[in-house]
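Taking it in order: structure first as structure tokens, then the write-up.
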Protein chains: 2
Amino acid sequence: MVVTDAPPQPGIHPGCQRVIEIFGRLGDKWTILSILMLTEKPRRFNELKRLIGGISQQMLTRTLKALERDGMLTRTVYPTVPPQVEYALTPLGRSLSEPLLQLASWTLEHVGDIEDHRVAHDGKKATGEERGG
Amino acid sequence: MVVTDAPPQPGIHPGCQRVIEIFGRLGDKWTILSILMLTEKPRRFNELKRLIGGISQQMLTRTLKALERDGMLTRTVYPTVPPQVEYALTPLGRSLSEPLLQLASWTLEHVGDIEDHRVAHDGKKATGEERGG
DNA sequence: CAGAATCCTCAAGGATACTG
DNA sequence: CAGTATCCTTGAGGATTCTG
């Protein structure tokens, strides 16, 4: 997402700006997944890649770097012969995983309703358009 | 975000797919904000636009349509002379606003930590690069 | 006021090849 | 194994114009 740094939006009070910025970060398709995959225990790079599934190593690198910069996780390099890097949530990251898990749980609980409603909505729209055209 | 419908990812169990899809929806920069702006009470189109601040009517329209399709909100048209449209959360939408508010609250609480860590991280990196080159 | 349609930009994100 | 560098496509999202 964009939400560069502080887009000059006069309307909203400053707090919302930060929320937007963080939400933007969370919404970048892989961030939340990465955090969730680390809640159980620390993981290595390719382990994460496998677990998340469908992410390119490019994006995983970017995502993990951004999360490290934000203090959400730590990156530990073990100077072994085949290089080994371990990613682990910081306390901050772990504290974020709580509301995130709540959200995930909400999603699992209601995704059926949503999909049902989509079908109904699309069906209704199609019928309406048929009558119209 | 992309996450079209069901990207064939063999690794993860099906439930995660839906979570990803919904998270993608939530991450599209305006969805969460729109929902949060409707938690208090129903709002009209331009009222929302003002409240959210910085959103184009194009994106507001798209966002609201998508949310309506998902059953998160209802769109009520009052056939008055200056057309009046009111958006209100459905029970489903309201139920989503709960974990969302938790997340917002987490963000407000920790955004300071994050920003501090960013500064520290960028500073350290700059120093390291200075030494390196 | 609420929205549809059109145009345009820019960056998210994928694919591939290369490195240490 | 764990990245980095490069190229490329797609679409999110902004700005503007037109309508009812």
Side-chain angles (χ1 to χ4, degrees), chain A residues 1-5 7-9 11 20-21 23-34 42-69 73-88 125 129 132, chain B residues 1-5 7-9 20-21 23-34 42-69 73-88 125 129 132-133:
Chain A
M1 267 184 33
V2 197
V3 194
T4 47
D5 244 79
Q9 284 163 30
I20 295 177
E21 204 273 342
F23 277 7
R25 163 58 47 69
L26 296 180
D28 77 340
K29 187 173 184 181
W30 298 118
T31 296
I32 292 182
L33 264 287
S34 302
R43 306 277 190 181
R44 293 172 56 187
F45 186 86
N46 276 332
E47 198 180 354
L48 278 172
K49 188 157 160 18
R50 260 190 307 280
L51 282 170
I52 296 177
I55 189 174
S56 61
Q57 81 284 50
Q58 158 98 272
M59 285 314 296
L60 184 54
T61 301
R62 283 190 202 170
T63 303
L64 293 173
K65 269 189 175 175
L67 285 174
E68 192 194 359
R69 177 171 178 257
L73 53 80
T74 58
R75 177 175 177 274
T76 310
V77 185
Y78 297 100
T80 57
V81 178
Q84 210 161 327
V85 181
E86 197 174 77
Y87 293 89
K125 210 181 75 172
E129 276 168 4
Chain B
M1 273 203 354
V2 196
V3 193
T4 48
D5 244 79
Q9 284 163 29
I20 295 178
E21 204 273 341
F23 277 7
R25 162 60 43 69
L26 295 180
D28 78 338
K29 186 172 184 181
W30 298 119
T31 296
I32 292 183
L33 264 287
S34 302
R43 306 278 190 180
R44 293 173 56 186
F45 186 86
N46 276 332
E47 197 180 356
L48 278 172
K49 188 157 160 16
R50 257 190 308 278
L51 281 171
I52 296 177
I55 189 175
S56 62
Q57 82 286 50
Q58 157 97 276
M59 285 315 296
L60 184 54
T61 300
R62 283 191 203 171
T63 303
L64 294 173
K65 270 189 174 175
L67 285 174
E68 192 194 358
R69 177 171 178 258
L73 53 80
T74 59
R75 177 175 177 274
T76 311
V77 185
Y78 297 100
T80 56
V81 179
Q84 210 161 328
V85 182
E86 195 174 77
Y87 294 90
K125 210 181 75 173
E129 276 168 3

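Chain letters run A, B, ... following the sequence lines, proteins first and then strands; every chain starts at 1.
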In whole angstrom, give the distance that lies between atom [atom1] of [X] and atom [atom2] of [N].
X       : N      : atom1 : atom2 : answer
B/Phe45 : C/dC1  : CZ    : P     : 11 Å
B/Trp30 : D/dG11 : CH2   : P     : 21 Å
B/Glu86 : C/dG3  : CD    : C1'   : 17 Å
A/Lys29 : D/dT9  : NZ    : P     : 17 Å
A/Asp28 : D/dA12 : CG    : P     : 15 Å
A/Arg25 : C/dA11 : CZ    : P     : 15 Å
A/Leu73 : D/dA2  : CG    : P     : 15 Å
B/Glu68 : C/dG3  : CD    : C1'   : 13 Å

Can you tell me if the side-chain N/O atoms of B/Lys49 get under 4.0 Å from OP1 or OP2 in C/dC1?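 Result: no.
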Does A/Arg44 place a side-chain N or O at less than 4.0 Å from the phosphate oxygens OP1/OP2 of D/dA2?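 Answer is yes, contact under 4.0 Å.
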Are B/Leu26 and A/Ile32 close enough that some pair of their side-chain heavy atoms sits under 4.5 Å apart?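 No, side chains not in contact.
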Are the side chains of B/Thr63 and B/Leu33 in contact, using a 4.5 Å heavy-atom criterion?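 They are not in side-chain contact.
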Name of the residue among B/Arg44, B/Lys49, B/Arg43 meeting side chain to side chain donor-acceptor pair (under 3.5 Å) with B/Glu47: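 Filter result, single survivor: B/Arg43.
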Considering non-hydrogen atoms only, spot the tightest contact between A/Leu48 and A/Ser34 and give its length.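 Heavy atoms only, the tightest pair is CD2-O, 4.5 Å.
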Closest heavy-atom pair and its distance - A/Phe45, A/Leu60: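 Scanning both residues completely, I find the closest heavy atoms to be O-CD2, 3.6 Å.
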Could you pull out all donor-acceptor pairs under 3.5 Å where a side-chain atom in residues 74-81 of chain B meets a protein atom, sequence neighbours excluded?
{"from": "B/Thr74", "atom 1": "OG1", "to": "B/Ala88", "atom 2": "O", "distance (Å)": "3.4"}
{"from": "B/Arg75", "atom 1": "NE", "to": "B/Tyr87", "atom 2": "OH", "distance (Å)": "3.3"}
{"from": "B/Tyr78", "atom 1": "OH", "to": "B/Glu86", "atom 2": "OE1", "distance (Å)": "3.4"}
{"from": "B/Thr80", "atom 1": "OG1", "to": "B/Tyr78", "atom 2": "O", "distance (Å)": "3.4"}
{"from": "B/Thr80", "atom 1": "OG1", "to": "B/Pro82", "atom 2": "O", "distance (Å)": "2.7"}

Roughly how far apart are B/Ile55 CD1 and B/Leu64 CG, rounded to 0.5 Å?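 Answer for the CD1-CG pair, B/Ile55 versus B/Leu64, is 7.0 Å.
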B/Gln84 side, atom CD; B/Asn46 side, atom CG - distance, nearest 0.5 Å: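 Reported to 0.5 Å precision, the distance equals 11.0 Å.
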Output the single nucleotide from C/dG13, D/dC1, D/dG14 whose closest atom is nearest the side chain of A/Pro82.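 The answer is D/dC1, which lies nearest to the side chain.
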Considering only D/dC1, C/dA2, D/dA2, which nucleotide approaches the side chain of A/Val85 most closely?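 For the A/Val85 side chain, the nearest candidate turns out to be D/dA2.
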Mind checking B/Tyr87 for me? I need base, sugar-phosphate or nothing, with any heavy atom below 4.0 Å counting as a touch.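 Counting heavy atoms under 4.0 Å across all strands, the contact made by B/Tyr87 is with sugar-phosphate only.
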Selection: residues 58-67 of chain A, any non-hydrogen atom under 4.0 Å of DNA chain C: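 Within residues 58-67 of chain A, the residues near DNA chain C are A/Gln58, A/Met59, A/Arg62.
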Between N or O atoms, less than 3.5 Å apart, protein on one side and nucleotides 18-20 of chain C on the other: list the pairs.
none

